[in-house]
Amino acid sequence: MKTFIIYNSPIERSYINAKSCEESFQRHEGWEVELFDGCNPSIINDYQDTYKLSDKRATNKSPSKKSCFYSHYKLWKHSAENSIPVAIIENDTECLSDCPIIPEEGVYHLSIETNIKVNAHGRNCKSDSALIAKKPAGIHSVKELSQRNLQTKQKCMPGSTAYIITPKSAEALIRDCETKGWYQNDSLITTELVNLNYIIPSPIKYCEKKELKTSSKWKT
């Protein structure tokens with residue numbers, strides 16, 4: 001599977017992380033890995049000129065948040081335009097296993113370690129991570145998450161550290177953004193728009209010590 005590891009070239013540590021991440025993928029089968037130098041605040045105007053998305057629904061319009069979105073958006077376009085699923089991986093991760101077989105259209109979490117925050121919009125909480133870890137090996141719908149959130153109809157992707165997106169799902173997200181404007185990835189990818197799933201055991205590990213917070217605290 002075509003696999004993109006996102007980094008930001010102005011931040012040296014980001015590239016170092018990406019190379020380390022790339023090496024971890026080489027120990028496993030099924031991943032066709034490419035480093036992807038994503039959007040950053042210094043070149044964001046190029047992305048805005050290319051895609052012309054509105055700011056009208058964004059709640060956090062900081063250049064770093066918008067840059068993070070555009071890095072993922074460009075890869076959604078790659079999936080849709082080439083009619084292929086792609087794995088989108090942040091550089092603060094490492095690969096743990098071979099590429100999973102994806103049975104149908106949708107978005108598939110590759111790491112559950114990001115399920116650590118709580119808010120009022122159906123985002124998953126820390127206790128959900130423990131619940132998910134007890135699930136049998138395989139692919140599970142996000143709609144199966146804990147009783148705490150069953151009354152919330154719409155669930156979003158908790159973090160966008162590592163996931164696979166298929167072409168039709170990419171097209172759905174792209175159409176939504178063209179109509180409503182850009183939004184934060186983890187709150188934009190919802191069960192309202194796509195078939196959202198997670199995989200047990202996680203093929204990708206989030207490495208907290210490598211976290212650079214480039215989407216919130218941009219530093220070169």
Side-chain angles (χ1 to χ4, degrees), residues 1-8 13-38 68-69 71-72 74-76 78-79 84-117 123-124 126 128-142 144-145 155-166 169-170 173 184-189 194-215:
M1 178 176 297
K2 189 65 180 179
T3 302
F4 294 95
I5 300 173
I6 302 173
Y7 75 100
N8 294 117
R13 186 66 205 177
S14 174
Y15 178 74
I16 293 171
N17 282 352
K19 291 297 291 182
S20 174
C21 182
E22 181 182 33
E23 290 172 5
S24 73
F25 277 90
Q26 293 171 356
R27 296 191 287 269
H28 303 286
E29 301 292 331
W31 307 97
E32 182 188 342
V33 178
E34 178 180 330
L35 299 189
F36 172 67
D37 188 6
C68 180
F69 162 82
S71 293
H72 289 251
K74 185 172 182 177
L75 297 178
W76 300 344
H78 181 88
S79 173
I84 58 170
V86 299
I88 300 176
I89 313 293
E90 297 286 356
N91 62 76
D92 50 7
T93 62
E94 65 179 69
C95 184
L96 300 177
S97 61
D98 295 348
C99 184
I101 296 173
I102 302 305
E104 59 186 26
E105 286 291 338
V107 175
Y108 297 83
H109 294 279
L110 297 177
S111 173
I112 66 169
E113 288 84 357
T114 54
N115 294 10
I116 58 175
K117 294 185 179 179
R123 188 165 180 167
N124 304 316
K126 197 167 186 177
D128 290 329
S129 292
L131 181 78
I132 293 169
K134 294 178 182 178
K135 293 281 187 179
I139 294 173
H140 301 272
S141 168
V142 165
E144 298 174 2
L145 285 174
K155 299 190 188 304
C156 57
M157 185 157 106
S160 50
T161 298
Y163 61 97
I164 291 171
I165 190 166
T166 53
S169 292
L173 295 178
Q184 287 181 223
N185 305 329
D186 48 6
S187 297
L188 174 64
I189 303 175
V194 298
N195 171 24
L196 188 53
N197 307 275
Y198 57 93
I199 298 174
I200 297 296
S202 293
I204 307 296
K205 178 182 179 181
Y206 164 62
C207 303
E208 187 175 3
K209 291 182 179 179
K210 294 182 178 180
E211 171 68 67
L212 299 175
K213 299 186 183 298
T214 53
S215 66

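Position 1 is the first residue of the sequence; numbering continues from there.
- Nearest heavy-atom pair across Leu96 and Lys205 is CD1-CB, 3.8 Å.
- Proximity of Ile5 to Lys19: side-chain heavy atoms (C-beta onward) are nowhere separated by under 4.5 Å.
- Annotation: side chain of Leu110 is in contact with side chain of Pro100 (closest heavy-atom distance under 4.5 Å).
- Of the inter-residue distances, the one linking His109 atom NE2 with Asn197 atom CG reads 8.0 Å to the nearest 0.5 angstrom.
- The aromatic rings of Phe69 and Trp76 lie perpendicular to each other, with more than 60° between the two planes, well past the 30° mark.
- Shown here is Phe36, whose CZ atom has more than 12 heavy atoms of other residues, nucleotides or ligands within 6.0 Å.
- In this structure, the side chains of Pro85 and Ile102 stay at 4.5 Å or more apart for every pair of heavy atoms.
- Taken from OH in Tyr198 to OG in Ser111, the straight-line distance is 13.5 Å, to the nearest 0.5 Å.
- Under a 3.5 Å cut-off, the side chain of Thr166 and the backbone N or O of Glu105 do not form any donor-acceptor pair.
- Counting non-hydrogen atoms of other residues, nucleotides and ligands closer than 6.0 Å to CD of Glu208 gives a total of 12 or fewer.
- No side-chain donor-acceptor contact under 3.5 Å links His72 and Gln184.
- Here the side chain of Ser79 pairs a donor or acceptor atom with the backbone of Ile84 at under 3.5 angstrom.
- Closest approach of Pro103 to Ile139, counting heavy atoms only: CD-CD1, 3.4 Å.
- Here CD of Glu104 is found 5.0 Å from CG of Asn195. Values are rounded to the nearest 0.5 Å.
- Separating the NZ atom in Lys74 from the NE2 atom in His78 is a distance of 10.5 Å, to the nearest 0.5 Å.
- Between Ser24 and Cys95 the shortest heavy-atom distance is OG-N, 2.8 Å.
- Nearest approach of Glu90 to Cys68, heavy atoms of both residues: OE2-SG, 4.5 Å.
- A heavy-atom distance below 4.5 Å is not found between the side chains of Tyr7 and Asn17.
- Separating the CG atom in Asp37 from the CD1 atom in Ile6 is a distance of 10.5 Å, to the nearest 0.5 Å.
- Looking at Lys210 and Cys21, their side chains never come closer than 4.5 Å, going by heavy atoms from C-beta outward.
- Counting heavy atoms from C-beta outward, Ile165 and Val194 have side chains that stay 4.5 Å or more apart.
- Note that the CD1 atom of Ile164 and the SG atom of Cys99 stand 4.5 Å from one another [nearest 0.5 Å].
- Taking each heavy atom of Thr161 and Asp92 in turn, the nearest pair found is CG2-OD1, 4.0 Å.
- Side-chain atoms of Asn91 never come within 3.5 Å of backbone atoms of Ala18 as a donor-acceptor pair (strictly under, hydrogens ignored).
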